[in-house]
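Computed from heavy atoms alone, side chains included, the values below leave out hydrogens, waters and symmetry copies.
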Amino acid sequence: MSDYLHDRPTPSGVDVLCKLQHFAIITYAVDPRRFAGLMPARFALDTVEIDGCERALISVVPFIDVDFTSAVFPFPKFTMGQTNYRIYIIDRLTGERCVWFLGTTLDSWTLVVPHVLWNLPWFAGNVFFDCEFDETAGRYARYKMQTKARWAPAEVELKQDGDEALCFPGFPDTETGLVYLTHPLAGFYHRRDGKLGTYRVWHKQLVVSAARLESARFGLLDRMGLVSEAEQQLPHSVLVEPINEFTIYLPPQIVRPEI
């Protein structure tokens, strides 16, 4: 992990600072052929081998943006539910491990900025969290999230009994799995106008713990044929963290899709 940690680049302009509450990473390992044609040739799937089969990983990442505000100037703070859908990739141009965003649901009127001004694949949804974190035990007594949305309806329930262990099939050790799943700092996506977009984030090492999936229904993954509803009940791994802090470097940039 130490090879991937670095000091925070100094924010400027419209860069954003936000805390992510009830942060979860629910990951699935699937046949890489399901992602054919989703991204330009500049990117390769960052696959792993599980039980002798090559697998690509895709994560659903729900959280509540808390104290979402300017990282530079005095500015009002916003709170809003959000869920990201991301595939793990390698940028052939730089060799960097990154994520490919299928898109995002956001529960806020501020959606107009990323959706309209920056053409990001962000869509409206009403997001509801019902969570109880036991500070004494250091685990979630209850974790439920529901998103009512046309583009990506979602429901997920997680549980922690305290005996869950970090386990990442396909990785040589726990630390390698954590780097892969929790520390990509660059994201790419197709803008709504078809151009290739990107933005970067920064955060400290995430202090995640393992959780157990009780149930999941991610409409986007099922509709796109990426992870069926039945497969969604069998995740590769589930990670949670009560709260962390991200810096987001904006505005997003348009880059070339060629290698």
Side-chain angles (χ1 to χ4, degrees), residues 22-40 43-63 81-90 97-107 120-129 143-160 164 166-171 177-178 180-184 187-190 208 210-241:
H22 304 319
F23 180 86
I25 304 175
I26 302 131
T27 302
Y28 298 97
V30 300
D31 188 330
R33 291 174 293 184
R34 299 186 189 184
F35 300 112
L38 282 182
M39 59 198 74
F43 306 104
L45 291 171
D46 196 359
T47 60
V48 296
E49 185 176 310
I50 301 175
D51 296 330
C53 297
E54 184 183 23
R55 289 291 179 257
L57 300 185
I58 179 171
S59 292
V60 181
V61 186
F63 53 87
Q82 182 172 333
T83 302
N84 296 335
Y85 296 83
R86 66 192 201 183
I87 301 165
Y88 295 86
I89 60 171
I90 296 174
R97 284 194 156 105
C98 315
V99 290
W100 178 267
F101 284 106
L102 294 174
T104 292
T105 51
L106 187 69
D107 188 354
L120 270 67
W122 286 30
F123 302 92
N126 295 321
V127 183
F128 306 93
F129 278 84
Y143 186 112
K144 297 181 181 180
M145 185 279 291
Q146 180 184 38
T147 298
K148 296 182 178 179
R150 176 178 297 181
W151 180 72
E155 294 181 16
V156 65
E157 181 176 355
L158 310 178
K159 190 172 183 180
Q160 287 186 299
E164 296 84 7
L166 292 172
C167 179
F168 305 112
F171 292 94
L178 286 172
Y180 182 111
L181 293 171
T182 70
H183 213 73
F188 294 86
Y189 50 88
H190 278 136
V208 295
R212 185 174 73 252
L213 180 74
E214 292 287 284
S215 63
R217 293 181 63 187
F218 299 122
L220 177 69
L221 302 188
D222 188 53
R223 186 178 75 245
M224 294 185 67
L226 302 178
V227 189
S228 71
E229 189 172 323
E231 291 171 324
Q232 291 173 26
Q233 312 315 309
L234 301 170
H236 168 272
S237 55
V238 180
L239 303 173
V240 291
E241 184 176 16

Q: Please determine if Lys159 and Glu157 form a salt bridge, counting it only when a charged side-chain N lies under 4.0 Å from a carboxylate O.
A: no
Q: Test Leu178 against Phe171 for side-chain contact (heavy atoms from CB on, under 4.5 Å), laying out the working first.
A: CA-CA 9 Å; Leu178 286 172; Phe171 292 94; over 6 Å; no
Looking at [X] and [Y], would you say the former's side chain and the latter's main chain have a donor-acceptor pair under 3.5 Å?
X	Y	result
Asn84	Val61	no
Gln233	Ser215	no
Tyr189	Leu120	no
His236	Pro169	yes

Work out which heavy atom in [X] is nearest to a heavy atom in [Y]; give both atom names and the distance.
X	Y	answer
Ser237	Leu181	OG-CD1, 3.6 Å
Val48	Gly170	CB-O, 3.9 Å
Tyr85	Leu221	CD2-CD2, 4.1 Å
Gly177	Phe168	CA-CD1, 3.9 Å
Leu102	Trp151	O-CZ2, 3.8 Å

Please list, one pair per line, the donor and acceptor atoms closer than 3.5 Å that link side chains of residues 26-40 to other protein atoms, with sequence neighbours excluded.
residue	atom	partner	partner atom	Å
Thr27	OG1	Ser59	OG	2.6
Tyr28	OH	Gln232	O	2.7
Asp31	OD1	Arg33	N	2.9
Asp31	OD1	Arg33	NE	3.2
Asp31	OD2	Arg33	NE	3.0
Asp31	OD2	Arg33	NH2	2.6
Arg34	NH1	Leu226	O	2.9
Arg34	NH1	Glu231	OE1	2.8
Arg34	NH1	Glu231	OE2	3.4
Arg34	NH2	Glu231	OE2	2.9

Within the 4.5 Å heavy-atom criterion, are [X] and [Y] side-chain neighbours or not?
X	Y	answer
Leu213	Val156	yes
Phe23	Thr182	no
Gln82	Trp122	yes
Phe128	Lys148	yes

(Q) Show, in sequence, the C-alpha distance, side-chain angles and deciding distance for Phe218 and Val227, and conclude whether the side-chain contact (heavy atoms from CB on, under 4.5 Å) test is met. (A) CA-CA 9 Å; Phe218 299 122; Val227 189; over 6 Å; no
Q: Check the angle between the aromatic planes of Phe43 and Phe188 and answer parallel, tilted or perpendicular using the 30° and 60° thresholds.
A: tilted
Q. Quick one: side-chain contact (heavy atoms from CB on, under 4.5 Å) partners of Asp107, sequence neighbours excluded?
A. Asn126, Val127
Q: Go through the steps for Val238 and Glu214 under the test side-chain contact (heavy atoms from CB on, under 4.5 Å), then give the verdict.
A: CA-CA 11 Å; Val238 180; Glu214 292 287 284; over 6 Å; no
